[in-house]
Amino acid sequence: MIPATRNGLLLIGVLFHLVYLLSIFDIYFRSPLVHGMTPHRVPLAAPAKRLVLFVADGLRADKVFEPYHNTTTGRTEELAPFLLGKLRTEASWGVSHTRVPTESRPGHVAAIAGFYEDVSAVTKGWKMNPVNFDSVFNESRHTWSFGSPDILPMFAHGASDGKKVDTFMYPPEFEDFSGNGDRLDTWVFNEAERFFKNAQVPGSELNTMMHQDQVVFFFHLLGIDSNGHGFKPYSREYLGNINLVDRGIQGLVARFEEFYGNDKQTAFVFTADHGMNDRGAHGDGHPDNTRTPLIVWGAGIAPTVPTDAGQRAPGHDAFSEPWALTQYERKDVNQADIAPLMATLIGVPLPLNSVGTLPLSYLNATDEFRARAVLVNALQVLEQYRVKHDQKQKTEMFFQPYAPMHQPTNTPEVILARIRHSIDSRRYAEAQKECSQLIALCLEGLRYFQRYDWLLLRSIVSMGYLGWIVYSLLFIFRSYVLPPPPSASAYRSSSSGLLSALGLLVFIGFSAMFYRQHSPAMYYAYVAFPVYFWTDILRQLPLVQAISTNYMRMSVRWRPLAFVAAYVVVLEALVYAFFDRRVYSVAFALLAVTWPLAVSPKFRRRHPRLLILWFVFCLLTSTFTLLPVERNDHLGLVMAGGLLITLSGLVAWHYSPHFVLPPTDVANKDAQRVAVAFDRLIILVETLLVAIATFLGPLTSTETTKRGYLPRLHQIACWTILVVSTLLPLLHGSRLNRGARDQHFLYRLITIYLAFATPFVLLTVSYESIFYFSYSVVLLLWLTIERALYFERAENELLAPAEQTRLSSLLAPKNSVSRLSQNSQQGQSVFALGRTLGLSDMRTSIMFLFFVNVAFFGTGNVASLASFSIDSVYRLITVFDPFLMSTLLLFKIIIPFFLVSAVFGVLNRSLELPPFSLFLFVLSTTDVMTVNFFFLVRDDGSWLDIGMSISHFCISGLFVLFTIVLFVLSHALVGSVLIPTDSESGGTKAAIKKHR
């Protein structure tokens, strides 16, 4: 049955959206990890005895390959002359294409284990997370690793033998973004030098172990990533770090050759886990993040043969054209292909879960070795396909095999027989071709079984979202639109019991099928919600009939349909705005022009300045979504925005006597004057904190850059004003302070605006603070216009007569200020007086939804945190701490939402609607957007598209939960406010006269 209370609906909504948020990971991104495979290795002598792996964390491909113009000397140089020298003489090279999320953990797992972690694996974090699948390190005889404590423990703890992987790590506090990160790489190279000195003693245990075959040396070089975050990838620090890494690798290669007597048995691999965009961030699928370098040389590697002068070698495109390397063949690979290459070079079994394809063009080996190596690659992928096939066949009730591999002439056994016959007949090229085809077929088969439940699950999830929309709308119609029913059961079907039994049978049927198929527990939850929703909808058919009857009685029936159609069109436009932020600019321009023209001539005469301000600030705010999200630090804009907010605070303080009200429960005039002076002082203090943040933030950035570290005094000052300013609205006037008195709504909104302006300015790196100012003014103007329109409707008798009578009594001088506290129990409630939701309230709802989206997309693309500069947190913390840094960044992003939700809460009370009614209507309809994004989720195509599609769905799915949490917080922040009920000047003049 439809819940009798608002809280019941909210609880169901929270549970539903929490469960369904996980659906894309069960449908689109289920981990393909399987167990029970037999390991395979090449049955011939390995080309190399040892492998040396260098991973330059955060290095994008173009920065290492392209020529560098030195502005100091005026000459064009190479940042990595040693590596490029190897490329031209004895290496195979190309671009390694990574996948989302472009973070350190998934990137290292793909390169070392040949396995792409599912997207949700990024939630496992960065530190001390054991890799729960096989890797090249695990298959090696022994691995020595040097570098970051964020990466090395993953593979050491994940090894089958804990003694197989040794780690040499610097302390975590070394990862400080305020200074030059090249000290991290210098530590690695110095530690490697100490390691070789310890291994010099002949006959020692370390010396003996290092002279065994199938050993791996791993050097994780984090300095480039740190400098990219701290100084951007075009900075002197980032580019200089590339040169330092090049020189360090040159020294290490010489050390290896010296130690092993230049025995030509060492293979070297240089690559990166991910790239970095121009903002100094990564994580999404932008090409700057997914394109990394790969240079491989040494034992078993085919050197690149340059083409004749003027001829273009294969593999090049517009991306590599400026590198002056078109004479040398570019051999691109997928990041997971590196793992089978490394395993093949030293002769260890391929990692069991590897989905990489051995890049044969990199190997310098006999045709037989190449054929047998790619056969091992095919057998290893085929093992995974067979395990997956057998698992599905065992559990599925109506199993459908992968057709291309189920034909009598094309079964795996038949294909393998042909391949082995070709090898035995020395038709190695033919065998290699058939192996490549088998690998491709097996990967497609694995993909087929990954998508096996797609149709069923997508249908269930779609019915769940549609059911929630209808289910919640019926609650809103019953509670806030239709008149109260004559009895509690009037809107309930007489066949409710039968319908409930039918719904239960449907759920039992699905549960039996899921149990038979050993489906995950979440599948039961996915089907439970649509069964519950649609069963309850059928039980409420009399309510649907009542809605239909009321509609048929309307004299103008096209108007509701037009409103609904316009509402859906706006929702679809907001969906498109996720892909193109310029939609918000167009919307602001339309609002600036059309709303002043749509109001009555009398309204334009009464409020000309209000409409002019609306026009000006809408156009000003529209410019921000035209600006690129990729922005550099601009301390001048930071200060300009801070000064605008400071000036607005001073203006508010100057006019505060008009809206700072004395306490009504204190008769003493002196005590009243003290209370008013204190409230005005709060505005002044908050304004002062904004002014301090305006200058302290840029000063801290400048001093950090100058000194190479975050000054302790500056850090303490920044944290102090951030905490104090954030706590002020909580301690003064919010519901958290039970002793707080009622305040004028305008005073309360201004104090919230100024309080959160301080942390926002402190975390600003460019024009964001100007957006905060402009956006806040537009919100206040929206509130004022909506209030003025509402009272004009009352004055013009556009409302029902009963409503007009009620409003007239409220507009009387004795009630010039009405206390609209949700906790107020005095007299009749507003809802009891008869105010219900109408068509015009749909406009208010869609405006709220529009402003929420603008809050998220005004200064960046919230679909990717990478579009928000992490530089902003460096005024508070520079030592690498992903949780705290992400928390601060998220805090900055959600600050505008505190404002819009606070304004919306006041507006809901100003329009004298039942508490949360408009809010519930917004929550009920936003899943129209969620359904759009659910079907737009992609697991193929470019990784930028895949990552963005995941982000869009998660944002939309989380919107309900996020809005509920922040709306409750804003409700607590706003507290119990006094709202004038006069129609003059947006409803404030009467209050000013009374309380001046």
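For clarity, every value in this text was computed on a predicted model and none was experimentally measured.
A tilted orientation is assigned to the rings of W144 and H142, their planes being inclined by 30° to 60°.
A distance below 6.0 Å separates the ring centres of F218 and F137. Taking the six-membered ring wherever Trp is involved, the centroid distance between the rings of F399 and H389 falls below 6.0 Å. Taking the centre of each ring, W93 and F65 come in below the 6.0 Å mark. Aromatic pair F196/F259: centroids less than 6.0 angstrom apart. In this structure, F195 has its ring center under 6.0 Å from that of F146.
Atom NZ of K433 sits in a sparse spot, with 12 or fewer heavy atoms from other residues, nucleotides or ligands closer than 6.0 Å. Atom OH of Y515 has 12 or fewer heavy atoms from other residues, nucleotides or ligands within 6.0 Å.
Looking only at atom types and distance, the side chain of S104 has a donor-acceptor partner in the side chain of D57 under 3.5 Å away. Using modelled atom types and a 3.5 Å distance limit, the side chains of S422 and S425 yield no donor-acceptor pair.
Side chain of D134 to main chain of L352: a donor-acceptor pair is present (N/O by atom type, distance under 3.5 Å, no hydrogens or angles). When atom types are taken as modelled, the side chain of H316 and the backbone of L325 share a donor-acceptor pair closer than 3.5 angstrom. A side-chain donor-acceptor contact under 3.5 Å links S145 to the backbone of D166. Y260 places a side-chain N or O within 3.5 Å of a backbone atom of M210 that can act as its donor or acceptor partner. Checked by atom type and distance alone, the side chain of N353 never pairs as donor or acceptor with a backbone atom of F115 at under 3.5 Å.
With respect to D213 and R141, a salt bridge is recorded, a charged nitrogen being found less than 4.0 Å from a carboxylate O. Checked for salt-bridge contact, R330 and D317 meet the test: a charged N lies under 4.0 Å from a carboxylate O. A salt bridge is absent between E329 and R88: the closest approach of a Lys/Arg side-chain nitrogen to an acidic carboxylate oxygen does not fall below 4.0 angstrom.
Taking the ring centre of F935 as origin, the terminal cationic atom of R458 falls outside the region bounded by 6.0 Å and 45° from the ring axis.
Between H97 and the choices D337, T290, D332, the side-chain hydrogen bond (donor to acceptor under 3.5 Å, both in side chains) rule is met once, by D332.
Annotation: side chain to side chain donor-acceptor pair (under 3.5 Å) contacts of K49 (sequence neighbours excluded): none.
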Please report the C-alpha distance between E413 and R386 in whole Å, then the side-chain angles of each, then the deciding distance to 0.1 Å, and finally whether the salt bridge (Lys or Arg N to Asp or Glu O under 4.0 Å) criterion is met. CA-CA 11 Å; E413 291 74 17; R386 282 173 167 163; 3.3 Å; yes
Dump the intermediate steps for salt bridge (Lys or Arg N to Asp or Glu O under 4.0 Å) on R50 and D263, then the final yes or no. CA-CA 11 Å; R50 66 199 69 92; D263 63 356; 3.0 Å; yes
Step by step, work out the ring pair (Phe, Tyr, Trp, His ring centres under 6.0 Å) result for F449 and Y385. CA-CA 9 Å; F449 288 121; Y385 170 82; 5.8 Å; yes
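R60 CZ to N289 CG: the interatomic distance, rounded to the nearest 0.5 Å, is 8.5 Å. The line from OH of Y428 to CZ of R426 is 5.0 Å long, rounded to the nearest 0.5 Å.
Annotation: side chain of L294 is in contact with side chain of V296 (closest heavy-atom distance under 4.5 Å).
Screening residues 360-376 for side chain to side chain donor-acceptor pair (under 3.5 Å), with sequence neighbours left out, gives E368-R372.
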